[in-house]
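For reference, the structure I am asking about is given below.
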Amino acid sequence: MFIANELRKTNIAEYLLYMWQIEDTIRAFDCSISRIRREYIDRFDYNDEQKEEEADWFGNLIRMMNSEGCREQGHLQINKVTMQQLTELHAQLLSSSKYPFYNAEYYKVLPYIVELRNHGADKEENEIETCFNSLYGVMLLRLQQKEISANTQQAFKEITTLIGMLNDYYLKDKQEPLEF
């Protein structure tokens, strides 16, 4: 909760990836708040009050996952809404002539998006979700200390740049609406 709250304010892209990781963490503990409390939360250097807040937050997420039918897979509605906001901003940036650097980076990333979709990515998901799924996949590979090909590393670098730009525009838009 503490990390999520900070990321939501400072880096929406990292926030979304973090929340996906939290969903997977909850699943790894079989959606059991007692296990999460005992095997996960207790490992952090939190005082008792912070541990209770964190447990309440996880408990709420578990309830939401159960009620939204994403206990086994998928994403919480709150995360889908964030993805939708980023997707809409992406479309606005592309349709405007005021953001040529974003457009240029998008066209550098587009071949990677096409390749990802041709290699098993869900063809129904939007381009930004494809980018996030690839970032999350590389993050998991790194956590597992698995080798990442040079091609994947290059795609990761370009996708990271695009999503970083989208993140920056998202934060600017929240402070003062962008003009399109």
Side-chain angles (χ1 to χ4, degrees), residues 1-27 40-41 44 46 49-50 52-65 67-70 73-110 112-113 116-117 121-122 124-140 142-143 155-180:
M1 175 187 85
F2 303 109
I3 295 169
N5 287 341
E6 187 59 31
L7 286 175
R8 183 144 184 94
K9 291 183 258 181
T10 60
N11 191 318
I12 198 67
E14 285 184 13
Y15 164 80
L16 192 54
L17 292 169
Y18 177 77
M19 289 303 295
W20 286 5
Q21 186 178 21
I22 291 296
E23 291 169 341
D24 282 345
T25 299
I26 290 169
R27 291 180 187 112
Y40 185 76
I41 295 171
F44 292 97
Y46 293 149
E49 183 181 327
Q50 290 172 317
E52 278 306 308
E53 286 181 58
E54 193 81 354
D56 286 346
W57 182 68
F58 271 97
N60 287 331
L61 291 175
I62 291 168
R63 280 188 286 287
M64 289 165 50
M65 288 173 76
S67 69
E68 295 176 20
C70 58
Q73 64 182 14
H75 299 296
L76 288 165
Q77 191 61 37
I78 56 171
N79 296 331
K80 290 179 183 178
V81 167
T82 301
M83 179 63 71
Q84 185 60 38
Q85 291 171 340
L86 290 169
T87 300
E88 289 170 4
L89 178 59
H90 168 73
Q92 290 174 312
L93 292 167
L94 288 180
S95 67
S96 174
S97 61
K98 295 182 179 183
Y99 304 96
F101 294 112
Y102 185 83
N103 271 272
E105 187 58 35
Y106 167 72
Y107 284 106
K108 283 173 70 175
V109 170
L110 187 56
Y112 296 115
I113 294 170
L116 286 164
R117 286 186 169 176
D122 181 357
E124 296 299 312
E125 72 186 12
N126 67 63
E127 295 171 330
I128 296 303
E129 194 166 357
T130 298
C131 289
F132 271 89
N133 280 326
S134 69
L135 294 176
Y136 191 70
V138 170
M139 183 182 80
L140 291 178
R142 287 182 173 167
L143 286 171
F156 179 80
K157 179 182 171 195
E158 293 298 338
I159 290 170
T160 299
T161 300
L162 178 71
I163 296 301
M165 292 173 79
L166 181 60
N167 175 72
D168 292 345
Y169 284 123
Y170 177 89
L171 294 175
K172 285 179 187 175
D173 190 49
K174 291 297 174 196
Q175 290 174 352
E176 185 177 323
L178 296 174
E179 292 182 21
F180 298 100

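Note that the structure is a prediction, hence the values are computed from the model and not measured. Side chains included, hydrogens not; waters and symmetry mates left out as well; all remaining heavy atoms used.
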Checklist line | Partner residues of Tyr106 under the ring-ring contact (aromatic ring centres under 6.0 Å, His included) criterion, sequence neighbours left out | finding: His90
Next item on the list: Using the test side-chain hydrogen bond (donor to acceptor under 3.5 Å, both in side chains), find all partners of Ser134 that sit at least two apart in sequence or belong to another chain.
Entry: none
Check: Centres of the Tyr112 and Phe156 rings: under 6.0 Å?
Finding: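 No; Phe156 has its ring centre 6.0 Å or more from that of Tyr112.
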Item checked: Separation between CG of Leu76 and CG of Leu61, rounded to the nearest 0.5 Å ->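 Rounded to the nearest 0.5 Å, the CG-CG separation comes to 6.0 Å.
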Next item on the list: For Glu129, enumerate each residue passing the salt bridge (Lys or Arg N to Asp or Glu O under 4.0 Å) test, keeping only those at least two apart in sequence or located in another chain.
Entry: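 Salt bridge (Lys or Arg N to Asp or Glu O under 4.0 Å) check on Glu129 returns nothing, list empty.
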Item checked: Partner residues of Gln84 under the side chain to side chain contact (heavy atoms under 4.5 Å, CB included) criterion, sequence neighbours left out -> Glu88
Next item on the list: List in chain and number order the residues that pass salt bridge (Lys or Arg N to Asp or Glu O under 4.0 Å) with Arg27, two or more places apart in sequence or in another chain; answer none if no residue qualifies.
Entry: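 Only Asp24 meet the salt bridge (Lys or Arg N to Asp or Glu O under 4.0 Å) criterion with Arg27.
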Checklist line | Partner residues of Ala4 under the side chain to side chain contact (heavy atoms under 4.5 Å, CB included) criterion, sequence neighbours left out | finding: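 Result, side chain to side chain contact (heavy atoms under 4.5 Å, CB included) vs Ala4: Tyr15, Tyr18, Met19, Trp57.
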Notebook entry, point to check: Step by step, would you call Asn60 with Arg63 a side chain to side chain donor-acceptor pair (under 3.5 Å)?
Noted result: CA-CA 5 Å; Asn60 287 331; Arg63 280 188 286 287; 2.5 Å; yes
Next item on the list: List in chain and number order the residues that pass ring-ring contact (aromatic ring centres under 6.0 Å, His included) with Tyr40, two or more places apart in sequence or in another chain; answer none if no residue qualifies.
Entry: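 Testing Tyr40 for ring-ring contact (aromatic ring centres under 6.0 Å, His included), a comparison that skips the adjacent residues, returns Phe44, Phe58.
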Next item on the list: Would you please name every residue forming a side chain to side chain contact (heavy atoms under 4.5 Å, CB included) with Lys80, sequence neighbours left out?
Entry: His75, Gln77
Output side-chain donor-acceptor pairs under 3.5 Å for residues 168-180, partner residues at least two apart or in another chain, one line each.
from	atom 1	to	atom 2	distance (Å)
Tyr170	OH	Gln85	OE1	3.2
Asp173	OD1	Leu178	N	2.8

Item checked: Under the side chain to side chain contact (heavy atoms under 4.5 Å, CB included) test, residues paired with Thr161 that sit two or more places apart -> Glu105, Met165
Margin query: Applying side-chain hydrogen bond (donor to acceptor under 3.5 Å, both in side chains), can you list everything that pairs with Asn79, at least two apart in sequence or on another chain?
Written below: Glu23
Notebook entry, point to check: Can you name the ring-ring contact (aromatic ring centres under 6.0 Å, His included) partners of Tyr107, sequence neighbours left out?
Noted result: none
Notebook entry, point to check: CG/Asn167 to CG/Leu89 distance, rounded to the nearest 0.5 angstrom?
Noted result: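 Result: 10.0 Å between the selected atoms.
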